[in-house]
Each structure stands twice: as structure tokens, then as C-alpha cells.
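Because the structure is a prediction, the values reported are computed rather than measured.
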Amino acid sequence: YDDALAGVQEALRLQPAQPDYLLLQGLLLHRMHRYDEATAVLRPALAAAPDNLQGWLLLAGSLQEIKHFEEALQATARALGWITDVKVTR
């Protein structure tokens with residue numbers, strides 16, 4: 001993950017406000033068990049891209065790992081709001 005994180009950090013140096021790069025950085029930090037850092041990156045990423053379901057679920061997971069349970073529930077509820085907006089047809 002270290003090399004991938006370095007690549008994303010270089011991309012962010014060139015395009016610092018790119019939400020997709022921030023979300024990828026958050027994912028990598030989460031997978032590296034660096035949950036505080038992941039949370040710090042995911043919050044601004046989701047402010048820029050609030051409709052990113054995967055980002056909300058990732059934020060919820062990171063918050064849960066650092067025992068911020070109330071915030072984790074809020075992020076999960078935000079993600080579930082996107083899921084319930086989808087209509088399933090048969």
C-alpha cells in the first residue's frame with residue numbers, strides 16, 4: 001500500500017482538490033489501519049463529493065474503528081439514504 005499511497009499523494013500534489021484522489025487516499029489509509037488519517041481525508045472528500053456511497057461507507061468503517069460510534073452511525077445513515085433512493089424492479 002505504501003507505493004500506491006505515494007502515487008496518490010503525488011496526484012494530490014498536482015490536483016489537490018480532486019475528490020476521487022482524496023477518496024482513494026482515504027481507502028488506502030483505511031486498509032493500512034490508519035483510521036484517524038483516513039477519517040481526516042474522507043471528510044473533505046465527501047464534502048466535495050457528497051453522493052459517493054462507497055466514501056460514506058468507508059468513513060463509517062473508519063469512524064467505527066476509532067470508536068466514534070455516533071458519527072459512524074450518521075455516516076451509515078447517509079449511505080443508507082442513497083441505497084433506499086434506488087428502486088428495484090423485477
Side-chain angles (χ1 to χ4, degrees):
Y1 292 115
D2 290 326
D3 290 341
L5 185 58
V8 171
Q9 289 170 334
E10 176 62 19
L12 281 166
R13 187 183 68 74
L14 299 172
Q15 294 182 322
Q18 173 52 258
D20 290 336
Y21 296 160
L22 289 169
L23 288 163
L24 182 55
Q25 183 182 31
L27 172 65
L28 292 168
L29 290 167
H30 180 88
R31 295 254 173 110
M32 296 169 80
H33 306 280
R34 293 165 55 179
Y35 304 113
D36 285 312
E37 292 173 77
T39 300
V41 168
L42 289 166
R43 288 182 194 278
L46 289 166
D51 60 344
N52 189 298
L53 171 63
Q54 184 179 6
W56 287 108
L57 292 172
L58 190 57
L59 177 61
S62 291
L63 287 166
Q64 180 181 351
E65 291 293 338
I66 59 174
K67 301 190 182 337
H68 291 204
F69 299 118
E70 186 64 34
E71 291 175 271
L73 283 172
Q74 291 171 3
T76 301
R78 184 76 182 255
L80 288 174
W82 285 103
I83 293 170
T84 57
D85 286 343
V86 176
K87 295 185 191 241
V88 178
T89 58
R90 294 181 192 196

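Take Pro19 and apply the side-chain contact (heavy atoms from CB on, under 4.5 Å) test, not counting sequence neighbours, and it matches Ala48, Ala49.
Counting heavy-atom neighbours within 6.0 Å of Gln54 CD, excluding the residue itself, gives a total of 12 or less.
Residues Ala38 and His30 come closest through the heavy atom pair CB-N, 3.7 Å. Pro44 and Ala40 get closest at one heavy-atom pair: CD-O, 3.0 Å. Between Trp56 and Pro50 the shortest heavy-atom distance is NE1-O, 2.8 Å. In plain terms, the two heavy atoms of Leu58 and Gly26 that are nearest each other are CD2-C, 3.9 Å. In terms of heavy-atom proximity, Leu42 sits nearest to Ser62 at CD1-OG, 4.2 Å.
Put simply, CG on Leu5 and CD on Glu37 are 8.5 Å apart, with the number rounded to the nearest 0.5 Å. Put simply, CZ on Arg78 and CD on Gln74 are 11.0 Å apart, with the number rounded to the nearest 0.5 Å. A distance of 12.5 Å separates CG of Leu22 from CG of Leu27, quoted to the nearest 0.5 Å. Note: Glu65 CD to His33 NE2 = 8.0 Å, rounded to the nearest 0.5 Å. Between the CG atom in Leu57 and the OG1 atom in Thr76 there is a gap of 7.0 Å [rounded to 0.5 Å]. Here the straight-line distance linking atom CZ of Arg13 with atom OH of Tyr21 works out to 12.5 Å at 0.5 Å rounding.
Put simply, the side chain of Leu63 reaches to within 4.5 Å of the side chain of Arg43, judged on heavy atoms. Considering only heavy atoms from C-beta on, Asp36 stays 4.5 Å or farther from Thr39 through its side chain. For the pair Leu28/Gln25, no side-chain contact is recorded, criterion being any heavy-atom separation below 4.5 Å from C-beta on. Counting only heavy atoms from C-beta outward, the side chains of Asp2 and Met32 approach each other to under 4.5 Å. With a 4.5 Å cut-off on side-chain heavy atoms, Leu23 and Leu46 count as touching.
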